[in-house]
Every structure is written in structure tokens, then in C-alpha cells.
Amino acid sequence: MSAPAAIPVTDTKKIVVARREVDRLRLKAQGAGPQEVAIWEAANKVSDLQAAARSAQVRAACRAGRLMDLVLAAVAVLTMAFSLQNIHGFAAAHQVGDPIGWFLAPAVDLALIAALTGDAVLSRKDLTAGVWATRLRWYAGGATLLLNSWESWASVDPA
């Protein structure tokens with residue numbers, strides 16, 4: 001007699017119980033003795049424990065992922081706030097008036113966030129956005145770096 005198949009994640013407990021009852025009835029109809037049924041039940045318990053352990057690991061990974069997303073979002077917001085002032089100063093120094101001077105940093109930052117988020121979603125589905133997404137990421141990342149460090153480069157200040 002073979003070991004029971006692993007329980008798919010999509011099965012509810014009621015479905016699993018019903019399937020096992022069908023299997024138990026089949027075993028008895030095929031002439032299985034009490035010892036064979038007990039072995040089958042023990043194998044099912046092992047399968048249940050393995051499924052529970054996998055489920056706990058997945059839940060822990062999801063919690064860690066949500067925490068990491070939250071921390072990275074906070075870092076992104078703080079970085080964007082810092083960038084907003086830097087790039088506005090750059091724009092003002094080059095005679096770009098308000099409110100247009102305030103739009104440059106969010107436009108570049110949001111383009112980078114959109115490209116990174118889109119790539120993350122597509123990669124989870126084993127898809128790619130193509131070369132334009134790579135170019136957008138490099139352009140937006142490079143523009144953010146250049147706009148935030150322009151004054152340091154212009155005055156040869158490593159700080």
C-alpha cells in the first residue's frame with residue numbers, strides 16, 4: 001500500500017475528511033485488515049503534520065515579507081522627502097520656479113517606484129516587461145542620483 005498523497009493547500013479540512021473517509025471505505029472494501037487501516041491512518045497523520053509545518057513556515061515568511069515591505073516603504077518615503085528638498089534646491093538654482101520646481105523629484109521617484117513595482121509583479125508570474133522597463137529603471141535611478149548629488153559634483157565635494 002502506498003503512502004497518502006500530500007494534501008493540496010487548496011483543500012479545506014471538510015474535503016480532506018471526506019476524501020479520507022472514501023479512501024478508508026475503499027481499503028475495507030478491498031479487504032484491508034485493521035492493521036493496514038491503522039498504518040494508513042498513521043501515514044495520514046504524518047502527512048497532516050508535514051502540511052501544518054509547511055503552512056506555518058509560509059505564514060512566517062509572509063509576515064516577514066510584510067514587515068520588510070513596511071520598512072522599505074518607510075525608507076522610500078524618507079528618501080523621497082530628502083530628495084524632494086535637494087532636487088527643489090537644484091531646480092531653484094537653475095531658475096525653475098515654484099510649483100514646477102517641486103514636481104521634478106516626485107516625478108523621477110515615482111517613475112522608479114513604478115518600474116520596480118511592475119518588475120516585481122511581473123517576475124512573480126515569470127514575465128518580463130522588456131527592455132523599456134530596464135531602461136526606465138536605469139534612467140530614473142541615474143536621474144535621482146545625479147539630481148541629488150549635482151551640487152557635490154559641481155563643487156567637487158565628496159560629502
Side-chain angles (χ1 to χ4, degrees), residues 2-20 22-23 40 42-159:
S2 64
I7 300 169
V9 176
T10 57
D11 285 352
T12 64
K13 193 169 188 168
K14 287 182 182 180
I15 293 172
V16 171
V17 169
R19 282 184 182 156
R20 287 187 179 163
V22 169
D23 289 344
W40 174 81
N44 280 330
K45 287 179 183 177
V46 169
S47 179
D48 289 346
L49 291 171
Q50 289 172 333
R54 282 190 305 271
S55 180
Q57 289 173 340
V58 168
R59 282 192 307 274
C62 286
R63 279 192 306 271
R66 283 190 298 271
L67 178 62
M68 194 166 85
D69 286 346
L70 182 64
V71 170
L72 289 175
V75 168
V77 167
L78 293 171
T79 303
M80 287 171 51
F82 176 78
S83 180
L84 183 64
Q85 181 60 43
N86 276 354
I87 295 176
H88 178 265
F90 169 81
H94 290 84
Q95 284 69 45
V96 175
D98 288 339
I100 300 300
W102 291 106
F103 294 154
L104 185 56
V108 173
D109 291 341
L110 291 174
L112 183 58
I113 289 171
L116 292 172
T117 303
D119 263 1
V121 169
L122 291 173
S123 71
R124 284 187 208 115
K125 300 180 185 303
D126 288 331
L127 299 171
T128 180
V131 71
W132 73 267
T134 301
R135 289 180 182 154
L136 176 61
R137 274 194 321 276
W138 279 102
Y139 172 78
T144 298
L145 177 64
L146 183 64
L147 290 169
N148 274 296
S149 60
W150 181 260
E151 289 184 28
S152 294
W153 286 104
S155 64
V156 192
D157 180 7

- Message: Once ring pair (Phe, Tyr, Trp, His ring centres under 6.0 Å) is applied, what residue pairs with a partner in residues 97-135 remain, sequence neighbours excluded?
- Response: His88-Trp102
- Nearest heavy-atom approach of Leu84 to Ala105 is CA-CB, 3.7 Å
- Query: What distance separates Leu49 CG from Arg54 CZ, expressed to the nearest 0.5 Å?
  - Reply: 10.5 Å
- Query: With sequence neighbours excluded, what pairs up with Asn148 under the side chain to side chain donor-acceptor pair (under 3.5 Å) test?
  - Reply: Ser83, Asn86
- Message: Among residues at least two apart in sequence or on other chains, which ones pass side chain to side chain donor-acceptor pair (under 3.5 Å) with Thr79?
- Response: none
- Query: Is Asp48 paired with Lys13 through a side-chain N to carboxylate O contact shorter than 4.0 Å?
  - Reply: no
- Report yes or no: does Ser123 contribute a side-chain atom to a donor-acceptor pair with the main-chain N or O of Ala120 at less than 3.5 Å? yes
- Given side-chain contact (heavy atoms from CB on, under 4.5 Å), test Asp109 with Thr144 step by step and report yes or no. CA-CA 7 Å; Asp109 291 341; Thr144 298; 3.5 Å; yes
Donor-acceptor contacts, no H, no angles, side chain residues 55-76, under 3.5 Å, sequence neighbours left out:
unit_1: Ser55; atom_1: OG; unit_2: Arg59; atom_2: NH1; d: 2.7

- Query: Roughly how far, to the nearest 0.5 Å, is the CD1 atom of Ile87 from the CG atom of Leu147?
  - Reply: 4.5 Å
- Message: Among residues at least two apart in sequence or on other chains, which ones pass side-chain contact (heavy atoms from CB on, under 4.5 Å) with Trp150?
- Response: Phe90, His94, Leu146, Ala154
- Task: Please name the pair of heavy atoms, one in Gly101 and one in Ala91, separated by the smallest distance, quoted to 0.1 Å.
- Result: CA-CB, 3.9 Å
- Task: Applying side chain to side chain donor-acceptor pair (under 3.5 Å), name anything that partners Thr128, two or more places apart in sequence or on another chain.
- Result: none
